[in-house]
Amino acid sequence: MGSSSFLWNCTKKFVTAAVITVTVSDRFATVVPVRGGSMSPTLNPKTGSLMEDVFDDYVFVEKFCLLGYEFSNGDVVVFRSPTNHKETHIKRIAALPGEWYGTHHNNDVIRIPLGHCWVEGDNSASSIDSKSFGPIPLALIRGRVTHIVWPPQRIGAVKSTPPQRLSSVSE
């Protein structure tokens, strides 16, 4: 009798912890790995080395910004790919809804539609971003990257640095 009561108590505690973890991860914050070099040197600065998988950055993603879609130019965000919703990307917001943005790759100036933003990787040579698929809907954003939490030598805040622009006019 005692062992079944012990197992039942352990099972209840495990299920409770799992529900809390899923709720926090889904609604408030999560930690995600950064793959590839599109955000180098901000994230994964040693991409291309033999040990790159061992030293991939892991970042803390807060989701409170999703309540009112409160973003700023320069925020690093995690979003679902507009072309394949199973993929997620991490990029920097370069322009917000209603702003004009001068693209570096073909020197066009475009207006960002309402409900969308323009995202670009810090390492434009190896980044699939809005240059490839255009402005992304804000609804695809899953959260804002605030800190690097792994590896230990890189723990720290991620700066929200607006990218250089060719032309920017806000209305």
Side-chain angles (χ1 to χ4, degrees), residues 29-63 65-66 69-171:
T30 191
V31 173
V32 298
V34 179
R35 304 287 186 231
S38 68
M39 284 300 294
S40 181
T42 304
L43 304 172
N44 284 352
K46 295 186 180 187
T47 301
S49 70
L50 296 174
M51 300 291 284
E52 81 179 64
D53 288 339
V54 175
F55 296 110
D56 278 350
D57 287 346
Y58 282 74
V59 294
F60 181 80
V61 179
E62 66 92 3
K63 298 182 178 186
C65 60
L66 300 175
Y69 294 110
E70 298 169 7
F71 303 105
S72 300
N73 283 322
D75 283 350
V76 177
V77 294
V78 176
F79 63 95
R80 295 224 183 266
S81 169
T83 57
N84 180 354
H85 294 291
K86 293 180 181 179
E87 293 179 4
T88 57
H89 298 282
I90 299 177
K91 306 291 179 210
R92 191 176 299 277
I93 293 179
L96 294 165
E99 293 181 348
W100 292 90
Y101 186 72
T103 62
H104 294 280
H105 67 289
N106 61 5
N107 295 329
D108 283 345
V109 176
I110 62 166
R111 183 164 187 184
I112 309 303
L114 294 178
H116 291 71
C117 66
W118 188 271
V119 294
E120 291 185 356
D122 289 357
N123 180 2
S124 60
S126 69
S127 182
I128 298 174
D129 49 29
S130 287
K131 294 179 301 228
S132 303
F133 40 70
I136 65 159
L138 292 174
L140 293 180
I141 296 178
R142 310 289 4 114
R144 176 180 22 233
V145 174
T146 61
H147 290 80
I148 299 170
V149 297
W150 187 261
Q153 66 271 20
R154 293 202 17 87
I155 291 175
V158 174
K159 293 180 182 169
S160 180
T161 309
Q164 298 292 354
R165 297 174 170 212
L166 291 178
S167 174
S168 175
V169 179
S170 187
E171 287 185 10

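Side chains are part of it too, since the values below use all heavy atoms of this structure and drop only hydrogens, waters and symmetry mates.
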Show the nearest heavy-atom pair for residues [X] and [Y], with the distance to one decimal.
X: P97; Y: L114; answer: CB-CA, 3.9 Å
X: L66; Y: G143; answer: CD2-N, 4.1 Å
X: I136; Y: P82; answer: CG2-CG, 3.7 Å
X: W118; Y: K131; answer: CZ2-N, 3.9 Å
X: I155; Y: W150; answer: CG1-N, 4.4 Å
X: S130; Y: C117; answer: OG-O, 4.1 Å

Do any N or O atoms from the side chain of [X] and from the backbone of [Y] form a donor-acceptor pair under 3.5 angstrom?
X: R80; Y: K86; result: no
X: D56; Y: P33; result: no
X: S127; Y: G121; result: yes
X: D57; Y: I148; result: no
X: R144; Y: I141; result: no

Across all chains, not counting sequence neighbours, the side chain to side chain contact (heavy atoms under 4.5 Å, CB included) partners of E70 are none
In this structure, CG of N123 is separated from CG of N44 (nearest 0.5 Å) by 11.0 Å
Spatial distance of atom CZ (R35) from atom CG (L43) [nearest 0.5 Å]: 12.5 Å
With a 6.0 Å cut-off (strictly less than), is the heavy-atom count around CD1 of I128, excluding the residue itself, greater than 12? no
Hey, mind stepping through V32 and T30 against side chain to side chain contact (heavy atoms under 4.5 Å, CB included) and telling me if it holds? CA-CA 7 Å; V32 298; T30 191; 3.9 Å; yes
Using the side-chain hydrogen bond (donor to acceptor under 3.5 Å, both in side chains) criterion, which residues pair with S72? Sequence neighbours excluded. none
S81 side chain to N84 side chain, donor-acceptor N/O pair below 3.5 angstrom: no
The test is side chain to side chain contact (heavy atoms under 4.5 Å, CB included); show your working for T42 and V158 and say whether it passes. CA-CA 8 Å; T42 304; V158 174; 4.0 Å; yes
Can you list everything that forms a ring pair (Phe, Tyr, Trp, His ring centres under 6.0 Å) with F79? Sequence neighbours excluded, please. H89
side-chain hydrogen bond (donor to acceptor under 3.5 Å, both in side chains) between S38 and K91, intermediate numbers included: CA-CA 8 Å; S38 68; K91 306 291 179 210; 2.6 Å; yes
Should M39 and V76 count as side-chain neighbours, where that means a heavy-atom distance under 4.5 Å? yes
Does Y101 reach the side chain of I112, with side-chain heavy atoms less than 4.5 Å apart? yes
Side chain to side chain contact (heavy atoms under 4.5 Å, CB included) between V59 and V149, worked out: CA-CA 5 Å; V59 294; V149 297; 5.9 Å; no
Under the criterion side chain to side chain contact (heavy atoms under 4.5 Å, CB included), I'd like the reasoning laid out for V77 against R142: C-alpha separation, chi angles, the key distance, then a yes or no. CA-CA 7 Å; V77 294; R142 310 289 4 114; over 6 Å; no
Using 4.0 Å as the upper bound for N to carboxylate O, is an ion pair formed by D75 and R92? no
